Chemist: 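First the structure, which I've put down as structure tokens, then a few questions once you've had a look.
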Amino acid sequence: MIRLYHVVKSYGEHDALHDVSLTIDKGEFVYVTGPSGAGKSTLLKLLYGAERPTSGKLLVGGVDVAAIPQHRLPQLRRNVGIVFQDFKLLPRRTVGANVALALEVVGAPAEQIRRRVPAVLNIVGLKEREDSLAGELSGGEQQRVAIARAIVNDPAVLFADEPTGNLDGGMAVEVMEILQAINLRGTTVLVATHDQGLMDRFPHRRVRFVGGRLVQTSARARA
Amino acid sequence: MKSTVWRTVRAVREHTYLAVVSTGVITAALVLVGMFAMVTTNVRLVLGSWERDVHVSAYLRPGGSADAHTAVMQMLQSRPEVAAVKYVSEAEARAWMVERTPELAPVLDELGGDALPASLEITLRDGHTTPEALAAFVGSIREVGSFDDVDYGQEWVTRVDTFLSVLSALGVALGSFIGIAALFLVANTIHLVVYARRDELEIMRLVGATDRYILAPFVLEGAAQGAAAATLANALLWAAHRGLLSRLQEVLALALGGEGLRYLPWWGVGAMYAAGMVLGVGASWGAVRRFLGRLP
């Protein structure tokens, strides 16, 4: 599903990622871990095309993200889901409208949107809050809305950048349970985190970065 | 298209304040430019009437026969630059002078009946009243030999012409300045308005929206705001025009004659709509494109 070949990402003199080669198979749940500044977020940004590598090759679902032209990026992003630490919701729109946005963008018909949005909100346990304004929800609920938006198009892969970073323990566990459930439905999930407790509680393969270098990768965990 | 209209309406509902600010600023810019255009239009009318007022007085030699005068008049009327020729007899000239300056009547009586010569008052067509054209025309009719003197207020014509040239240059400079200031005002305000919606742009980009999809409602909103601003600006200018008419009627009648203060011509009103929409669309397009260029 995801292949990296000798990927380097430099900002001036500084290498944010240095000669990273990595393979993540379809349906895997992988933690990208390491201390702050290790290159976790940079790796995810390269994978969804927010940044371009300085050198090397990245394949996501067979698409060479490093070589994809700017006007083709929307196509790539429609096939991946992205979840951020700060949720990135539109607070003045309802929960349903925030989730529907990802469907509107791909030109989904209204009937499909009406059917799909409650179904996805049901998965994240927010079906009853569909008409609430996103800005009125708790942090944990907002992150669940963001996850719902990320999976509403049935992406093959889900990238989550510190999805529990702004949440307290209970809410973080809820979010991890949802991500795990999504993975069990066949979606490849890549979570950047440095929360050791959560990784121990929800054990999966870990790839550890330090100073932009991939220093350790554990074996694939059994489901 | 239906989806774009719906998304535009939703954006205006969600960001009503920003839409009002954008429309207000475009309105202010159009009022500024429209006011300048209205003033310019009316000043040009006044100056045009001054130019049309230029005429040539050709004083006939005394003792000429009526047939000779008629022949000269016909000759002049046949010239392409001449709009009209009027014969003014000695008596008419005297009556005209006495009417304007009654205290001169005894002096004229003392000088006798032919104190003021008969003349031909020649009105020229538009485009033939420049100092050069006038000088050429007067030079050519002097050669006819029927006139004692030919007068066209050379100094006045030259002054008016210089004044018109200076005013025209000032108008272009001031118009350009106002236009550029209006453009900056609108561009910077809409840039700030789009900046306030940057999260929305970023989120749409991240969920796979194309630039065209993101831009479309902004462009439509810009066009709608431009049209609304043009309507508002026209209403304000029309109100100002009516207000000026009622308050300054006497002064305006003196300055503009019977024509009164004019509102913008129909094409000027149309140009305001076009300018408003171009401003709204252009500024929105530019601001969104700039933000999209910075987004991941």
Side-chain angles (χ1 to χ4, degrees), chain A residues 41-42 44-52 65 68-84 86-94 97-110 113 133-135 145-153 155 158-161, chain B residues 1-23 190 192-222 224-225 284-296:
Chain A
S41 295
T42 302
L44 260 57
K45 283 179 183 170
L46 290 176
L47 290 172
Y48 62 79
E51 299 274 2
R52 302 279 176 157
V65 182
I68 196 169
Q70 186 70 25
H71 70 274
R72 295 287 305 279
L73 267 181
Q75 293 299 326
L76 168 78
R77 289 183 182 162
R78 291 172 187 189
N79 292 319
V80 302
I82 312 168
V83 177
F84 297 93
D86 60 355
F87 324 133
K88 293 205 189 295
L89 297 178
L90 296 169
R92 280 188 284 185
R93 285 196 196 167
T94 64
N98 268 282
V99 177
L101 182 67
L103 288 166
E104 289 169 11
V105 157
V106 298
I113 295 174
L133 289 179
V145 176
I147 293 170
R149 184 184 63 197
I151 64 169
V152 73
N153 278 325
L158 179 70
F159 301 120
D161 192 359
Chain B
M1 185 62 192
K2 194 176 159 191
S3 147
T4 305
V5 172
W6 180 77
R7 288 193 293 131
T8 306
V9 171
R10 180 173 66 182
V12 171
R13 279 210 318 251
E14 284 176 352
H15 307 282
T16 308
Y17 174 73
L18 296 179
V20 168
V21 168
S22 302
T23 308
I190 290 187
L192 290 175
V193 164
V194 172
Y195 181 78
R197 291 173 63 180
R198 65 194 180 284
D199 289 347
E200 191 182 330
L201 299 184
E202 185 183 359
I203 291 166
M204 283 204 282
R205 253 281 175 85
L206 289 171
V207 297
T210 59
D211 286 2
R212 187 185 292 184
Y213 180 89
I214 297 171
L215 268 165
F218 279 93
V219 167
L220 194 59
E221 193 179 336
Q225 286 170 353
S284 299
W285 174 278
V288 175
R289 291 293 314 178
R290 235 177 325 179
F291 274 106
L292 289 178
R294 290 180 207 154
L295 289 177

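Numbers restart at 1 for each chain; the letters A, B, ... are given by sequence-line order, proteins then strands. In this text the structure is predicted, and so the values were computed from the model without any measurement.
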Chemist: If every non-hydrogen atom of Leu133(A) is compared with every non-hydrogen atom of Pro91(A), which pair is closest and at what distance?
Modeler: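 Looking at all heavy atoms of both residues, the closest pair is CB-O, 3.9 Å.
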
Chemist: Would you tabulate the side-chain donor-acceptor contacts of residues 209-222 of chain B under 3.5 Å, counting partners in other chains and residues two or more places apart, or write 'none'?
Modeler:
{"from": "Thr210(B)", "atom 1": "OG1", "to": "Tyr213(B)", "atom 2": "N", "distance (Å)": "3.1"}
{"from": "Asp211(B)", "atom 1": "OD1", "to": "Arg205(B)", "atom 2": "NE", "distance (Å)": "3.2"}
{"from": "Asp211(B)", "atom 1": "OD1", "to": "Arg205(B)", "atom 2": "NH2", "distance (Å)": "3.1"}
{"from": "Asp211(B)", "atom 1": "OD2", "to": "Arg205(B)", "atom 2": "NH2", "distance (Å)": "3.4"}
{"from": "Glu221(B)", "atom 1": "OE1", "to": "Arg197(B)", "atom 2": "NH1", "distance (Å)": "3.2"}
{"from": "Glu221(B)", "atom 1": "OE2", "to": "Gln225(B)", "atom 2": "NE2", "distance (Å)": "3.1"}

Chemist: Applying side chain to side chain donor-acceptor pair (under 3.5 Å), can you list everything that pairs with Asp161(A), at least two apart in sequence or on another chain?
Modeler: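 For Asp161(A) the side chain to side chain donor-acceptor pair (under 3.5 Å) partners, ignoring immediate neighbours, are Ser41(A).
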
Chemist: Please state whether the side chain, the backbone, both or neither of Leu90(A) comes within less than 4.5 Å of a heavy atom of chain B.
Modeler: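 The answer is both parts of Leu90(A).
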
Chemist: Under 4.5 Å, heavy atom to heavy atom: which of residues 69-79 of chain A reach chain B? Give them by number, or say none.
Modeler: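 Only Gln70(A), Pro74(A), Arg77(A), Arg78(A) of residues 69-79 of chain A have a heavy atom under 4.5 Å from chain B.
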
Chemist: Side-chain donor-acceptor contacts of residues 45-52 of chain A below 3.5 Å, not counting sequence neighbours, with atom names and distances?
Modeler:
{"from": "Glu51(A)", "atom 1": "OE2", "to": "Tyr11(A)", "atom 2": "OH", "distance (Å)": "3.3"}
{"from": "Arg52(A)", "atom 1": "NH1", "to": "Ala66(A)", "atom 2": "O", "distance (Å)": "3.4"}
{"from": "Arg52(A)", "atom 1": "NH1", "to": "Ile68(A)", "atom 2": "O", "distance (Å)": "2.4"}
{"from": "Arg52(A)", "atom 1": "NH2", "to": "Ile68(A)", "atom 2": "O", "distance (Å)": "2.8"}

Chemist: So do Arg93(A) and Leu101(A) actually touch side chain to side chain, heavy atoms under 4.5 Å?
Modeler: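 Leu101(A) reaches Arg93(A) side chain to side chain.
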
Chemist: Please lay out, stage by stage, how Arg92(A) and Glu200(B) fare under the test salt bridge (charged side-chain N to carboxylate O under 4.0 Å, His left out).
Modeler: CA-CA 11 Å; Arg92(A) 280 188 284 185; Glu200(B) 191 182 330; over 6 Å; no

